Q: 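This is the structure, below, for whatever I ask next.
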2 protein chains.
Amino acid sequence: MYKYREVYTDIKNNILTNHYRAGSLMPTQEELAEKYSISRLTLRKVLQMLGDEGLVYSKQGAGTFVRPRMADSPDEILPLNSPIGVTYSHRSQEISSKVLHFDARLPTPLEQKNLNIEANEPVYEIKRVRYLNGKHYSFEHTIMPTRIAPLDEKILHKSIYDYLGSKNIMMTDARRVVYAEAADAETSQAMGVDLNCPMLVIEQTAYDQKGRAFEYSVSQFIKDHSKFVFDVHRQWY
Amino acid sequence: MYKYREVYTDIKNNILTNHYRAGSLMPTQEELAEKYSISRLTLRKVLQMLGDEGLVYSKQGAGTFVRPRMADSPDEILPLNSPIGVTYSHRSQEISSKVLHFDARLPTPLEQKNLNIEANEPVYEIKRVRYLNGKHYSFEHTIMPTRIAPLDEKILHKSIYDYLGSKNIMMTDARRVVYAEAADAETSQAMGVDLNCPMLVIEQTAYDQKGRAFEYSVSQFIKDHSKFVFDVHRQWY
DNA sequence: TAGTGGTCTAGACCACCTG
DNA sequence: AGGTGGTCTAGACCACTAC
């Protein structure tokens with residue numbers, strides 16, 4: 001529909017198929033703009049998008065280069081910059097959930113702070129064990145203000161994100177805090193691991209389109225079963 | 001020097017000082033452009049920069065809004081999207097290093113793959129314990145091709161990044177993989193923790209301006225001593 | 001329907017890298 | 001010195017949201 005989308009797709013394909021080879025110089029912006037019959041500004045928008053993805057970089061006075069590809073990461077490694085839930089990251093695999101706890105209550109001070117709500121605003125508290133292909137995958141402790149959307153146990157067996165999406169609530173921003181911890185009694189029982197077994201913990205505060213915090217969750221993953229990858233692209237303005 | 005830089009700084013300050021209040025509508029792009037005597041396109045560039053930082057967001061047809069601020073994270077939590085080393089993240093604190101191992105050798109297959117080098121290209125192998133204010137902070141195992149820059153023990157007591165910067169090598173991209181692990185014998189001895197104590201592991205492959213991998217490192221952090229934060233801003237094109 | 005942000009243009013000039 | 005990318009303009013039209 002938009003010109004820049006078409007050009008973006010085409011150039012990206014040319015890079016991924018090695019038509020523009022890694023490390024080499026690309027045609028000048030003027031040439032590319034002419035090739036696609038677009039203005040140089042529109043082309044620059046495309047190059048910026050590709051640059052944000054780490055596929056190309058430009059040096060003033062020199063030209064635009066194709067970045068050598070980073071080593072591909074194995075499949076068992078999940079991207080840290082997409083929704084954490086099992087559902088999104090393993091679309092094609094078999095997923096199930098066991099709801100250990102589902103209730104509403106008033107928020108703790110920490111939850112008030114993270115969700116930016118008052119002490120008298122009720123929240124749902126949910127504890128779920130998630131299974132991937134029948135094996136323990138994660139133990140999730142989720143807090144969500146009740147006014148965001150009504151929940152019930154049926155929804156919790158599927159994806160909360162899918163449900164919220166149907167209510168037009170989408171995660172556009174998130175803050176994630178990651179650290180290691182020893183499994184406590186509750187976790188070890190829920191996940192079927194030894195007490196004090198190392199767990200990877202990811203705390204997430206999720207924000208919707210309007211910047212409203214709608215979820216605070218703590219997810220625990222078994223050591224060696226789950227690794228997360230994260231690409232850093234430094235940019236200066 | 002550039003107009004967009006000045007405008008960027010000014011608007012950002014207005015947001016941070018709550019002159020433009022969180023959640024509220026900002027003036028229209030046309031008004032802002034006129035206020036700063038710049039074209040609308042230049043203003044849009046500024047808004048995009050602010051949007052990338054998660055400070056504002058625009059909705060077509062509606063306007064540009066100031067995003068409610070995310071909860072501030074405590075100081076002990078370090079950003080995951082800046083250099084991992086102690087030196088960069090704790091500029092003002094007291095840092096020291098103990099070099100446990102420093103040698104050169106040929107790379108393992110895994111190192112060849114991650115650094116994108118041939119089997120016959122020698123690498124430095126470095127093991128360091130890093131101390132923050134006199135306390136164990138991290139255990140770093142670093143592999144670097146020798147052709148990147150000559151190293152010696154004296155450099156290793158300070159910041160490798162500062163040294164590489166003086167050689168005009170700067171990290172512009174990195175791939176990080178994070179997971180939890182139980183401390184092995186070497187780690188527990190080096191860090192003064194119990195065997196099998198949970199550790200947070202961050203593997204990093206760092207790339208310079210030209211997309212060349214110049215470092216592969218595995219850093220281990222003691223549970224509860226170190227947490228890492230990471231902000232996600234989703235953007236669709 | 002009015003008003004907002006999103007796309008796109010053709011062209012000018014500046015800053016920077018490479019020979 | 002020549003060529004490249006970076007900045008910036010004034011203006012047109014389109015897509016979307018809100019009322």
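Naming: A, B, ... by sequence-line order, numbering from 1 per chain. Model, not experiment: these values are computed from the prediction.
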Q: Please state how far atom CG in A:Leu50 lies from atom P in D:dG5, giving the value in whole angstrom units.
A: 14 Å
Q: Mapping A:Tyr2 and A:Leu41 onto DNA chain D by nearest heavy atom, which one lands closer to the 5' end?
A: A:Leu41
Q: Between C:dG6 atom C1' and B:Leu47 atom CG, what is the distance in whole Å?
A: 12 Å
Q: Aromatic contact between A:Phe221 and A:Tyr137, with the criterion being ring centroids under 6.0 Å apart: yes or no?
A: yes
Q: Measure up the B:Tyr57 and B:Phe65 rings against each other and bin them: parallel (under 30°), tilted (30 to 60°), perpendicular (over 60°).
A: parallel
Q: From C-beta outward on B:Ala62, which listed nucleotide comes closest to its side chain: D:dG5, D:dA18, C:dG5?
A: D:dA18
Q: Nearest whole angstrom, please: distance from the C1' of D:dC14 to the CD of B:Gln60.
A: 8 Å
Q: Reckon A:Thr64 has a side-chain N or O less than 4.0 Å from the OP1 or OP2 of D:dG5?
A: yes
Q: When you check the phosphate oxygens OP1 and OP2 of C:dT9, does a side-chain N or O of A:Thr42 lie under 4.0 Å from one of them?
A: yes
Q: Can you measure A:Arg40 atom CZ to C:dA12 atom P for me and round it to whole angstrom units?
A: 13 Å
Q: Within the structure shown, what part of the strands sits under 4.0 Å from B:Ser39 by heavy-atom distance: base, sugar-phosphate, or nothing?
A: base
Q: Output the rounded distance in Å from CZ (B:Arg5) to C1' (D:dG6).
A: 13 Å
Q: Keeping the roles fixed (side chain from B:Gln112, backbone from B:Pro107), state whether a donor-acceptor pair exists under 3.5 Å.
A: yes
Q: Looking at every strand, decide which applies to B:Ile38 at a 4.0 Å heavy-atom threshold: base, sugar-phosphate, or nothing.
A: sugar-phosphate
Q: Can you check the A:Glu34 CD to C:dA10 P distance for me, whole Å?
A: 11 Å
Q: Please confirm whether the backbone N or O of B:Asn13 pairs with a side-chain atom of B:Asp10, one donor and one acceptor, at under 3.5 Å?
A: no
Q: If you compare every side-chain N and O of B:Tyr4 against the phosphate oxygens of D:dC8 (OP1, OP2), does one of them come in below 4.0 Å?
A: no
Q: To the nearest angstrom, how far is B:Glu31 atom CD from C:dG5 atom P?
A: 8 Å
Q: Looking only at the side chain of B:Thr28 (C-beta and beyond, no hydrogens), which of the listed nucleotides C:dT4, D:dC8, D:dA18 gets closest?
A: C:dT4
Q: Whether A:Lys3 contacts C:dT9 is assessed here as follows: a side-chain N or O lying under 4.0 Å from the phosphate OP1 or OP2. Is that the case?
A: yes
Q: Starting from C1' on D:dC8, measure out to CD on B:Gln29 and report it in whole angstrom.
A: 16 Å
Q: Has the side chain of A:Tyr124 got a donor or acceptor atom that lies under 3.5 Å from a matching backbone atom of A:Leu151?
A: yes
